[in-house]
Colleague: 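This structure is in structure tokens; I'll ask about it shortly.
Below, chain A is the first sequence line, B the second, and so on; all start at residue 1.
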4 protein chains.
Amino acid sequence: MDQNTNKKILILESALELIRENGFHGCPISQVAKQASVAAGSVYTYFESKDEMILELHRYVKSEVLKEISEKDHPEKNFEARFFDFWNNLTSLYQERAAFQSFLEQFTSSPYNTETMQLESDPWGEWTEAFFKEGIESGQLRPLNPKILSMMVMGSAISLIRFKTYFKTKTASTAQDLHLIPKMVWDGIKFQ
Amino acid sequence: MDQNTNKKILILESALELIRENGFHGCPISQVAKQASVAAGSVYTYFESKDEMILELHRYVKSEVLKEISEKDHPEKNFEARFFDFWNNLTSLYQERAAFQSFLEQFTSSPYNTETMQLESDPWGEWTEAFFKEGIESGQLRPLNPKILSMMVMGSAISLIRFKTYFKTKTASTAQDLHLIPKMVWDGIKFQ
Amino acid sequence: MDQNTNKKILILESALELIRENGFHGCPISQVAKQASVAAGSVYTYFESKDEMILELHRYVKSEVLKEISEKDHPEKNFEARFFDFWNNLTSLYQERAAFQSFLEQFTSSPYNTETMQLESDPWGEWTEAFFKEGIESGQLRPLNPKILSMMVMGSAISLIRFKTYFKTKTASTAQDLHLIPKMVWDGIKFQ
Amino acid sequence: MDQNTNKKILILESALELIRENGFHGCPISQVAKQASVAAGSVYTYFESKDEMILELHRYVKSEVLKEISEKDHPEKNFEARFFDFWNNLTSLYQERAAFQSFLEQFTSSPYNTETMQLESDPWGEWTEAFFKEGIESGQLRPLNPKILSMMVMGSAISLIRFKTYFKTKTASTAQDLHLIPKMVWDGIKFQ
DNA sequence: AATGAATGAGCTTTCATTCAT
DNA sequence: GATGAATGAAAGCTCATTCAT
């Protein structure tokens, strides 16, 4: 990773953190720059505009998620085991790097997420689609559109993360229940 | 509904529509006022600040959802039937009033959704929690924390809506698959 | 003249003065506003953008010039007398209100003066064209395109003003020569 | 012309072109450098500051005009012939190198044209003054301050150029009228 | 209560200039 | 000499909020 990439990523990570804390509203370029220890104007050396920076951040986050999840997948295992790995790795990642999940949610439900944007190549989306397709083709998942399966699973995972984040400080009493969730999801999508 | 309430709601609906179209960024008070056919200053007759208006909008949307869903629930039916009614009514409502779902999503993942805010009374949250509690107590749902059940179901419903919105113009080929989703969700949460 | 018009004109006059002193470069909105005793943002109550303000200023200056010159024209006089009135009134006006002439020159040779802009209605241009047309039709001016006559005369008048401004503090020795200029110009354009 | 001079002139010509197209506003150093195929910082090897570059450009343009016009003057001819040569050469030059005329106009009516600047030696100004002085001394021009004669003639020439540029695409119908202009100007300044 | 002109802090962005390489 | 990334002051503009009418 050369010097240039380093600084670009410093800026992206700075924006990511600010967006997690304060939303898109709360990440003026001045703050992004300050937190990345560069001058405000320097952001424009790396990005054409703030909008372009946000889009780049979206690509960055998705590629980081893809890297992490695909690395830890073992295609030689049977699909049920791979599914529980996937689930655990994804929820762990979203907990460790809460800003990833927070940013993706905010981005998805924001006007940055235009139709044009959705036409961009999306390696993470393709990877998950391929993953669930393998589950179907091996006869272990219901024969549905893999996009739908993917979206259902991701929606549940995000709900779980949100729940954990939300009740973190409140109660541990429901902890054992949360372990059941991947099983519930599996029961919903498995071939039966 | 008196004159005052009328105007307040006109303003809220104007904000709702703008937020759906352009996100929080794209709803300056000046626009909200213009679309509601009032003067900018008048918004401050009804709301202390823009933030307060957004919070009020949040309460308004939730109460509208509660009204619609609870009205169409028939507690005398068996729970499985009630569940499918719930699912269908919710997804229909979110499709008819897309701004409701869009706003709730944006709100939830925004910094408006503070800890303090989450301590507010939340009739819609209480209603759904009670709904799933009845399902558990009647032995038809897994004996989990009803908050978790609720969140899982809502997450799936929202994923479905998003999917429909996203693929509206693209393909109808997956239409039959979508009918299976409530069944899948039910298979995930039912007592077994 | 109502209150609104007053403030709009205050802002225009403030911009006019700054442009005379410092050119387009030297009239940031902040300065324009300060000199007009309004807040920076208020400028945008009256003008959509800085560019629009400059274009409006152009219309304003031209209309002021037209008002002044046409008021003092006496169509019942013979054309030669009217010509010398025109010359004297124009050079007097440009000396009294040096910013008018300075602005018009800067505007004309600036990129504000686009092709599109030149399609706008231009009462001052039309008035001068009609003026010289009458001179031609009464047989007192060379039968040329009145636009050309107009442009030649204006060019000379502006050269004279520039000369006077430039040598104001330097020498009065050429004063008597300057009186001859309108005669020279007349000799150039009169029918002979 | 050595390598250094070459690069300096490349930069000046680049600035000249940008100013013609976009005015002083539209010639950031970054663009000037790019169009001259040098790095932004390199401009500062040749010029102390942007202002200094503009002033140098002014000197450059004037010296080019002087070179062109003085080369084509034939002092052995009688003055009337020399005048028409002068007129034709000047208007041709300004048409061929439109950026010269555009720059000089913008410069003259800009705040770069300070009093201090006007005290600089000005070979082109001196040449034209001397030229008209010869016309006076030979008894062929009105005995006026040659500075005035010069300014009148130049003002008319510029008006003509502007007229031609402006109506280039619009009509050729006035073409024959334009031939009469140098005659008109001559009639205005000749001894009578 | 209702208005909308006025405010000014704060935003994104540009650009002349510097300086380590 | 030449480079171009980095700087940061200053530009144009937006918008939540106020207040005289």
Side-chain angles (χ1 to χ4, degrees), chain A residues 3-4 6-8 11 24-34 36-54, chain B residues 3-4 7 11 24-34 36-54, chain C residues 2-4 6-8 11 24-34 36-54, chain D residues 3-4 7 24-34 36-54:
Chain A
Q3 190 56 38
N4 258 10
N6 259 336
K7 227 172 226 176
K8 200 169 178 174
I11 292 170
F24 286 116
H25 246 99
C27 80
I29 292 291
S30 58
Q31 283 299 306
V32 172
K34 184 185 267 182
S37 307
V38 299
S42 302
V43 172
Y44 291 84
T45 306
Y46 296 97
F47 307 98
E48 284 207 347
S49 64
K50 189 183 177 181
D51 278 19
E52 188 48 51
M53 183 190 77
I54 299 285
Chain B
Q3 189 56 36
N4 260 9
K7 237 178 212 175
I11 292 169
F24 286 115
H25 244 99
C27 79
I29 291 290
S30 59
Q31 284 296 307
V32 171
K34 183 188 264 180
S37 307
V38 298
S42 302
V43 172
Y44 290 83
T45 307
Y46 297 99
F47 307 98
E48 282 203 350
S49 68
K50 189 183 178 182
D51 278 19
E52 187 48 50
M53 183 190 77
I54 299 285
Chain C
D2 62 32
Q3 190 55 38
N4 260 10
N6 259 336
K7 226 170 226 178
K8 198 169 179 174
I11 293 170
F24 287 116
H25 246 99
C27 80
I29 292 291
S30 59
Q31 284 298 306
V32 172
K34 184 186 267 182
S37 307
V38 299
S42 302
V43 173
Y44 292 85
T45 307
Y46 296 98
F47 307 98
E48 283 206 347
S49 65
K50 189 184 177 181
D51 278 19
E52 188 48 52
M53 183 190 77
I54 300 285
Chain D
Q3 189 57 36
N4 261 9
K7 237 177 212 175
F24 287 115
H25 243 100
C27 79
I29 291 290
S30 59
Q31 283 296 305
V32 171
K34 183 187 264 181
S37 309
V38 297
S42 302
V43 173
Y44 290 83
T45 308
Y46 298 98
F47 306 99
E48 282 204 347
S49 67
K50 189 184 179 183
D51 278 19
E52 188 48 51
M53 182 192 76
I54 299 286

Colleague: Out of E:dA6, F:dA2, F:dA11, which nucleotide sits closest to the side chain of C:P28?
Modeller: F:dA11
Colleague: Please give, in whole Å, the distance from F:dC15 P to B:K34 NZ?
Modeller: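 After rounding, the gap between these two atoms is 12 Å.
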Colleague: When you measure from the side-chain N and O atoms of B:Y46 to the phosphate of E:dA2, is any distance below 4.0 Å, counting only OP1 and OP2?
Modeller: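 Looking at the OP1 and OP2 atoms of E:dA2, one of them is under 4.0 Å from a side-chain N or O of B:Y46.
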Colleague: Could you check how far NE2 of D:H25 sits from P of F:dA10, rounded to whole Å?
Modeller: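 Atom NE2 in D:H25 sits about 15 Å away from atom P in F:dA10.
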Colleague: Using 0.5 Å steps for rounding, measure from the CE atom of B:M53 to the OG atom of B:S49.
Modeller: 9.0 Å
Colleague: If you compare all heavy atoms of D:P28 against all heavy atoms of D:G26, which two are closest, and at what distance to 0.1 Å?
Modeller: CD-C, 3.3 Å
Colleague: May I ask you to evaluate whether D:S42 reaches the phosphate of F:dT3, defined as a side-chain N or O under 4.0 Å from OP1 or OP2?
Modeller: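 Yes, such a contact exists.
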Colleague: Taking only nitrogen or oxygen atoms into account, show me every contact under 3.5 Å that the protein makes with nucleotides 17-21 of chain F, one pair per line with its distance.
Modeller:
residue	atom	partner	partner atom	Å
F:dT17	OP2	B:Y44	OH	2.9
F:dT17	OP2	B:K50	N	2.9

Colleague: Without decimals, in angstroms, what is the distance between A:F47 CZ and F:dA6 C1'?
Modeller: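 That distance rounds to 15 Å.
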Colleague: For a quick check of understanding: with a heavy-atom distance under 4.0 Å over all strands, which category does C:V38 fall into, base, sugar-phosphate or nothing?
Modeller: sugar-phosphate
Colleague: Pick the closest DNA chain F nucleotide for D:S37 and for A:A39 by heavy atoms, then say which residue is nearer the 5' end.
Modeller: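 Taking each residue's closest nucleotide, the earlier one in sequence belongs to D:S37.
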Colleague: May I have the step-by-step check of side chain to side chain contact (heavy atoms under 4.5 Å, CB included) for A:Y44 and A:I29, ending in yes or no?
Modeller: CA-CA 10 Å; A:Y44 291 84; A:I29 292 291; 3.8 Å; yes
Colleague: Can you tell me the distance, in whole Å, between the CD atom of D:Q31 and the C1' atom of E:dA16?
Modeller: 14 Å
Colleague: Shortest non-hydrogen contact from A:A40 to A:A33?
Modeller: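 The answer is CA-CB, 3.6 Å.
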Colleague: Let me know the distance between CZ of C:F24 and C1' of F:dG12, rounded to the nearest Å.
Modeller: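 For the pair C:F24 CZ and F:dG12 C1', the rounded distance is 16 Å.
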Colleague: Would you kindly give the CD-to-C1' distance between C:E52 and F:dC13, to the nearest whole Å?
Modeller: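 Rounded to whole Å, this separation is 15 Å.
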Colleague: Counting side-chain heavy atoms from C-beta on, which of F:dA6, E:dT3, F:dT3 comes nearest to A:T45?
Modeller: F:dA6
Colleague: Below 4.0 angstrom from OP1 or OP2 of F:dA2, is there any side-chain N or O of D:K7?
Modeller: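 True: D:K7 side-chain N/O within range (under 4.0 Å) of F:dA2 OP1/OP2.
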Colleague: For B:V43 and for A:C27, locate the closest nucleotide of DNA chain E by heavy-atom distance; then report the residue assigned to the nucleotide nearer the 5' terminus.
Modeller: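 The answer here is B:V43.
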Colleague: Can you find a pair of side-chain heavy atoms, one from B:K50 and one from B:C27, that are under 4.5 Å apart?
Modeller: yes
Colleague: For the residue pair D:Y46 and D:V38, establish whether any side-chain heavy-atom pair is separated by less than 4.5 Å.
Modeller: no
Colleague: Take N1-N3 plus N6-O4 or O6-N4 for Watson-Crick, N1-O2 plus O6-N3 for G-U, both under 3.5 Å. Which runs of 3 or more such pairs involve DNA chain F?
Modeller: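 Result, WC/G-U stems under 3.5 Å: E:2-21 with F:2-21.
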Colleague: Could you measure the distance from the NZ atom of C:K8 to the OG atom of C:S42? Nearest 0.5 Å is fine.
Modeller: 14.0 Å
Colleague: Can you list the residues that meet the ring-ring contact (aromatic ring centres under 6.0 Å, His included) rule with A:F47, with sequence neighbours excluded?
Modeller: none
